[in-house]
Amino acid sequence: MDLTKLGWNKKYEDSFIEYRDKGYVPGRVFAEYKNFYKVMCEEGEMLAEISGKLLFGAEQQQDFPAVGDWTAVAVRAKEGKATIHHVLPRIS
């Protein structure tokens with residue numbers, strides 16, 4: 001999947017550098033369910049959950065992913081699943 005078609009640009013790439021070094025890939029949230037999210041990443045569409053660290057570190061609703069957010073995810077491609085570890089800074 002070409003992420004530029006989903007809005008990936010240099011600003012996102014610049015804010016993602018530290019996460020790429022940790023082995024994460026960028027993923028864009030396109031659906032939100034009660035405890036799960038659907039993200040699109042280079043590997044395709046994945047069902048994702050948020051990491052425990054992100055869950056327990058969130059202080060307010062804005063700290064959680066929302067539809068349209070770019071995130072740093074760990075992908076389990078064979079399972080078609082991912083874990084969201086970070087939400088990239090929102091531009092708008």
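This chain uses plain numbering: 1 for the first residue, then up along the sequence. Just so it is clear, the values below take in all heavy atoms, side chains as well, and ignore hydrogens, waters and symmetry mates. Small disclaimer: the values here were computed from a predicted structure and weren't measured.
A continuous path of hydrophobic side-chain contacts links Trp70 to Ile91 [ILVMFWY only; heavy atoms under 4.5 Å]. In the hydrophobic clustering of ILVMFWY residues, with side-chain heavy atoms under 4.5 Å counting as a link, Leu47 and Tyr24 come out apart. When the side chains of ILVMFWY residues are joined at heavy-atom separations under 4.5 Å, either directly or via intervening members, Phe56 and Phe36 end up in two distinct hydrophobic clusters. Side-chain heavy atoms closer than 4.5 Å link hydrophobic residues (I, L, V, M, F, W, Y) into clusters, and following such links, even through other members, never connects Leu6 to Val67. By the rule that hydrophobic residues join a cluster once side-chain heavy atoms approach within less than 4.5 Å of another member, Val25 and Leu88 end up as members of separate clusters.
The side-chain heavy atoms of Glu49 and Ile84, taken from C-beta on, include no pair separated by under 4.5 Å. Val29 is not listed as a side-chain neighbour of Met40, based on a closest heavy-atom distance of 4.5 Å or more. At least one side-chain heavy atom of Phe64 sits less than 4.5 Å from a side-chain heavy atom of Ile50.
For Glu79, the CD atom sits in a packed shell: over 12 heavy atoms of surrounding residues, nucleotides or ligands are nearer than 6.0 Å. Under a cut-off of 6.0 angstrom, the local environment of CD in Gln60 is crowded, with over 12 non-hydrogen atoms contributed by other residues, nucleotides or ligands.
In this model, a donor atom of one side chain and an acceptor atom of the other lie less than 3.5 Å apart for Thr4 and Asp2.
Aromatic ring centres of His85 and Tyr19 lie farther apart than the 6.0 Å criterion allows. Aromatic pair Phe16/Trp8: ring centres closer than 6.0 Å.
A salt bridge is defined here as a Lys NZ or Arg NE, NH1 or NH2 lying under 4.0 Å from an Asp or Glu carboxylate O, and Glu13 with Arg20 meets this definition. A salt bridge does not link Asp69 to Arg28: none of the charged nitrogens lies less than 4.0 Å from a carboxylate oxygen.
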field: Working for side chain to side chain contact (heavy atoms under 4.5 Å, CB included), residues Val75 and Met46
entry: CA-CA 8 Å; Val75 172; Met46 303 277 165; 3.7 Å; yes
